[in-house]
Amino acid sequence: MKIRFYGAAGEVGRSCILIESGNTKVLLDCGIKLGKQEQYPLIEDSELKGIDAIVLSHAHLDHCGYLPHVFTAGYNGYIYTTKPTFELVNVLLSDYMKISEPKNVSKEGFNKVNTHFKIVEYLKEFKIKNLTFRMLPAGHVLGSSLVEVSDGKHRLLYTGDMSLKKTRMLEPAYTEDLKADTLIIESTYGGEKDEFPDEQKLINTMLTSIKETINKGGKVVIPSFAVGRAQEVLFILDDYMRSGVIPKVPIYIDGMIGKAMRIYRHNVIYCRKELQQRILMSEDDPFKSANFHNVMTKQMRGKIMHEHEACIVVTTSGMISGGPIIKYLESLAGNHNNKLMFVGYQAEGTLGRQILEGAKEIELNGHKVAVKMAVEMYRLSGHADRPQLLRFISKIHGLKNIFVVHGEEVKGKELHDTLEDKYKVQVPILKQEFDLN
Ligand SMILES: [Zn+2]
Ligand SMILES: [Zn+2]
């Protein structure tokens, strides 16, 4: 079995790994790297035609955003993934095509993506030529999977993005009876100092701060990725509003979050058991909470921004690189009674990072806007931290080789140094190829 890294080597973004065994070639993920300048996996278009299949770990664009390009370049095979991932990919890719208008993508290529999915079930084996696969729950976002692949000689496990923490939405990653000689593991938070603080403490501080803003009559704006963090944050807000910890004010949902929320709702069988029970056994459907209000029109958005009413707005994009958040900030950033609350990673070069680092003036839609609103960060991560990653590795029977990907170079190095006594650890560079035989 050969492994080649076309992206996510020493970086977060453009995950794309080629697995080759005999004459079978399969791509694990096919993502893009978002940022000031979009970056793509380093696989040649001519090579894409020779790929037998693509297996997708989950719906985030850094794992699936290259699909429209791949089909435009002449790939004509299937994409294997879970049902929720298929549905979320549709929503996220349409949005991406509208906002980014990527080059080298034809309409036909984009339309082909939709009709080339093969839905697979968690824990059920499926075959692609001589390779046997299994998808296992990864605990990261709805439908996310660890991918197991075997050619009879080697057994490889690819984590995609994963979390070992139980959240309001999802069970943690599946860790029963894991067997693999080779592991490809994400390392977003694999660095020496990457240990998350106690989450309940973090949530309590966040709630106190929200209460303070609401009591002043201010508006709390929470930028979030449409899939994953947004649903967690909304459920946290709803829970504590119901129990009276934070005052009852409208929670407005804007951007793609509403659509993603509906996909979570009708795939609730893929969410954690307690959530399914809550919906099945009572009239109480948290997805349809009376505290939530979907922003359907520009007029409604205008009203929210200009009325003197305390409220909470959860909207896209998570790193303020586009989406309705721009409009909200144009109107709300200049008032010191309002608050901007980040809940996720802000990549270098993004407007989110600039604001987080204390910029007092930002540029939105070509004009300058003063930032007087309070700015705070509460990291509610969907990734495993370092102790979780190490715990996960220790649960894999027969493990020999580890490839560390999907993390800044320094994180990979720090994981390497910790693990090298027990395993053969590699931190691949872009386009590097390894032969396991
Ligand atoms: Zn992800
Ligand atoms: Zn990712």
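Ligands are counted one by one from 1 in listed order, and the atoms in each one are counted from 1 as well.
Using a distance-only test at 3.5 Å, with no hydrogens or angles considered, a donor-acceptor pair links the side chain of Ser144 to the main chain of His140.
For Asp62 atom OD2 and His63 atom NE2, the angle they make at the Zn ion (ligand 2) is roughly 90°, to 10 degrees.
For Tyr80 and Phe133, the ring centers are positioned 6.0 Å apart or more. Between Tyr270 and Tyr264, the distance separating the two ring centers is not shorter than 6.0 angstrom. Between His63 and His406, the ring center distance clears the sub-6.0 Å criterion.
The Zn ion (ligand 2) lies closest to atom OD2 when only the N/O/S atoms of Asp161 are considered. Within His60, the N, O or S atom lying nearest to the Zn ion (ligand 1) carries the name ND1.
Residue side and main chain included, His58 places no N/O/S atom under 2.8 Å of the Zn ion (ligand 2). Note on His383: not counted as a metal contact of the Zn ion (ligand 1), no N/O/S atom lying under 2.8 Å.
Within the cation-pi definition used here (under 6.0 Å to the ring centroid, within 45° of the axis), Lys112 does not qualify as a partner of Phe71.
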